[in-house]
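Note sheet for the following structure.
Heavy-atom basis, side chains included; hydrogens, waters and symmetry copies ignored. The model shown is predicted, which means the values in this text are computed figures rather than measured ones. The chains referred to below are lettered A, B, ... by the order of the sequence lines, with proteins before strands, and numbering in each begins at 1.
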Amino acid sequence: MDATYAFLASFVPEIAGWPAWALMLVSAGLPALACFMFMSLGPLVYVYAERKISAFMQDRIGPNRVGPIGLLQTLADTIKLLFKEAIFPKKVDRKLFVIAPILVNVGAFMPFLVIPWGGRLQPADLNVGVFYVVAIASLSTVGLIMAGWASNNKYSLFGGMRSAAQIVSYEIPAMMILLVPVMIVGSLSLQDITMAQHGGLQNWFLFRYFPIMPVAFVVFFVAGLAEVNRAPFDIPEAESELVGGFHTEYSGFFFAMFFMAEYTEMFVLSATATVLFLGGYLAPIPALQTLGFIGLPHVSLGWLWLWFKAWFLVFVMMWLRWTLPRSRVDQLMHIAWKVLLPIALVLVVVVGGLVLWPATANGFFWDRWVGWPLTLGLVGFLLYVMVRALQWSRRRAQELAAPARQAVTP
Amino acid sequence: MATPETIVNDWDPDALDTDEMILQMGPQHPATHGALRVELRTDGEIVKAARPHIGYLHRCFEKHCENVDYPGVMPYADRMDYCASMGNTLGFALAVEKLHAIQVSPYVDTVRVIMAELQRIASHILGVGTYSMDIGAFTPFLHLVRDREKILDLFEWTCGARLLYNYNWVGGVSHDVPEGFVKATGALLREFDSVTFPELLDLIIHNRIFVRRLSHVGVCSPELAISHDLTGPNLRGSGIARDLRKDEPYCGYQNYDFEVCLGKGQYGPVGSCFDRNWVRVVEMRESSKILHQALDRLEKMEKADVHEKVPKRVKPPKGEVYFRSEAPRGQLGYYVVSDGNVNPYRVKVKSPCFTAMSVFHHLAKGMMIADIIALIGSFDIVLGEIDR
Amino acid sequence: MRRWFQDVWEGFFTVLVGMRITWRHLFTYPVTLQYPTVKWPLPPRSRMRLFMKFEDCIGCGQCVRACPVDCISLKAEKRPADAPPIWAANGQAIKLHVAVFDIDMSLCCYCNLCTYPCPTNCIYMTPEYEFATSDLTQHLYRFAKKDAQFILEDPKKKAAGQAPAEATAPPATPPAKPAGA
């Protein structure tokens, strides 16, 4: 907010004379609006990416007719949903029915206000950033329960209840793990947490106190998956069990809003995880932080790095969704309370102790040499599997021409 | 036997426990494998009673049989279990051949075995694939169906149809295998054995979430299985080694070397949903084994006329016969009564899935709703066969 | 306690194994056939739309009897006595005038049973599968033609008559008509 004010003041000096409420509106509202507009285009891309990625994983092609390689598919879907009749079943509670998707979206979009995209590129640098993210994200739970109740449908009610139980249970390990980077840095502000990881990939929190922090990251990621109702924890929207769960009765744009909220929440989770563990907007190699290596040192690439890392985590979420089956509700609870929570508790205590002890206040001595080998190893492994898959696939396409099968264009 | 606590509809309104909810998993549901209605009486998430209602797909198959001649019954028999039609027509053909005292040549036997085993693989692909889709994993289904399409391509190449073949005739088969069939099937099996099957095991079958979902659910003890006439993979999942291909061999099955797959209870008690599914998975590998042997035999045999023993007019002598064969879903039995005419007097089908539904409400008590889905899928039912 | 660790490790590990398979499949070629821009030619034995060559039909009704769903309707009457003799392509004489030969493809179950009993092989299944219409009555195919070009010369005799002529002299002179024609 101050940064926006300073920026605007450098253009329009008279701004200092404006009344306080107008100043507030402009210097806080503009970045928020910009952020919201930018982020709301996100689902368009995520939905397309999910469909394409799932298709390729299943040896299909995915959308490829609307626009070149199907890029305009989501746009077409959105327009279609806009034109669909928003059906209100007979006995629904109309007010709650309408408010529920709005509330879910509020809970999804608000956390973006504190995610830092650059040094001062942050709509609001709250000094309780982490706390704020967790608190606001819980609003969407209320929206889900509202949706389940207002639909006047047993199946939706089940879906709403299950989702409430699930989200609430998984918030606890998630929040505990959130405390770990906070303890290392000593501040709840997301900007401070990001700055504490400067210096390159080896300083990212993912590789601190190795192997403790990777475990913390995994726990946080799994807990986060359950919070955003993604597989393997997508009981609330389990298609084959409860038809649609809490959003069975929604049609038209309300349905689109639930979808939008889900994908945005995914991105919020990924962005938070990136800021806390993967160095936020910092580049793996400090030289790549700005475009200085081609002579434009004022152009910061931080936002691109954050985007790229968050995107990778979103991709991992999609990857998991299309690999894993669904957990049953009580098994989900078992994982939350009997697996993740004990691990989270132990981690908090252990890391807390390590932080207090001066010898390991900033990590173990081997942390610096773990980051690069691990990352390069993982990337290399993935590339190897990819190359082998391409080779095998090319060979198979040649070998296995089915009897008398040659595709002919008419 | 319907005991008081399993009858859902006959309640006294005053004594109705108002905490219980009656939920219809209606005829239209993504996971009920057809038009099946399951009426659940639940207390929150726990199911107190479950009653399946069938009959939504009844098409009067047995009545139709009385109005068409024996070859004309074949298209109808195909359409009973539409996911595994080769098995249906094979059963009927063998039953009428027994009545008519026709003995087909070993060449026809080998061709029939090849088609039946390919159909078994295709049917189990569908069963296992849709089951994992019900449990939530969409990808294994698509990977498996890719291979099923190749099998259906082979069938189309041989007899012209992809799903409802009218292939096994009384006295023979409708078409001989085309040139290059053995090579193409060999290629398909090679890829299935080396890639698809191991991937299936890694991706879903041994996946911890899948295992935890299924390994303690729907445990059917051997006594319960036998008393409710479960057959086929459902029975073998409870650890009982009964396979008609070994016990009462037909079509030359005694000449092939394969194992009877049993549920071993490697992750939980024997007879769980996981075990029934496991039996189907392993049976695919055994079918592949049989196919390799059968293809070798076919290559070494001289070509024979597949229409050699097909009678001009199928008019069996007066009498009745009951013949059962091992369809992919269990023991498929045909009871054919002939009064000497060209039309059968009565055809009665004993459908394996129909008898499997009878054990449903015993296993469903005390489960959660998500487990009902797992239970339905583990029996691998096809409503066309249940309702005929 | 040990079981707990084992459980957690197994859960984690099997997930990773599955992820590797899906990662691999991300890069294998799709197996989709993009119909209708790309079509596969169907194998020759494909059982799709029925076709019947009216000029070869002798009106025996075997196909009608064989059909399990009664989708073929046939009305044949005796040909008038003064009509010229006609033959089917395989040499069988056509004694009946087929007034109506309708196949209702909406009833047909594509079982192929009608093709086997036909003595002249005039009814057969073709690999033509793109005949969807928006009006169900268009699925009733009427094969009886009013202006059918029947074969007016006995094909068997024609074949027999031609063979000796080819064996001997070039066909400058017309072949001698065999006795009893």
Considering only heavy atoms, which portion of V31(C) lies under 4.5 Å from any heavy atom of chain A: side chain, backbone, both, or neither?
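Both backbone and side chain.
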At a heavy-atom separation under 4.5 Å, does F5(C) approach chain A through its side chain, its backbone, both, or neither?
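For F5(C), neither part sits under 4.5 Å from chain A.
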Before we go on, tell me: are the rings of [X] and [Y] under 6.0 Å apart, centre to centre?
X	Y	result
W311(A)	Y46(A)	yes
F217(A)	F277(A)	yes
Y141(C)	F101(C)	no

[X] versus chain C, heavy atoms under 4.5 Å apart: side chain, backbone, both or neither?
X	value
V222(A)	neither
L382(A)	both
R388(A)	neither
L320(A)	side chain
Y384(A)	neither
L324(A)	side chain

Trace of the side chain to side chain donor-acceptor pair (under 3.5 Å) decision for D135(C) with T137(C):
CA-CA 6 Å; D135(C) 180 9; T137(C) 54; 3.0 Å; yes
D330(A) bridged to R328(A) by N-O distance under 4.0 Å
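Salt bridge present between D330(A) and R328(A).
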Pick from F12(C), W23(C), F27(C): which one has the most heavy-atom pairs with chain A under 4.5 Å?
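When all of F12(C), W23(C), F27(C) are compared, W23(C) has the most.
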Leading residue by heavy atom contact count with chain A [cutoff under 4.5 Å; candidates I21(C), T32(C), T22(C), V15(C)]:
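Of the options given, most contacts go to T22(C).
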Within the structure provided, determine whether E128(C) and F51(C) are in side-chain contact (heavy-atom separation under 4.5 Å).
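They are not in contact (no side-chain heavy atoms under 4.5 Å apart), so the answer is no.
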State whether a side-chain donor-acceptor pair under 3.5 Å links Y129(C) with R49(C).
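Result is no, nothing qualifies.
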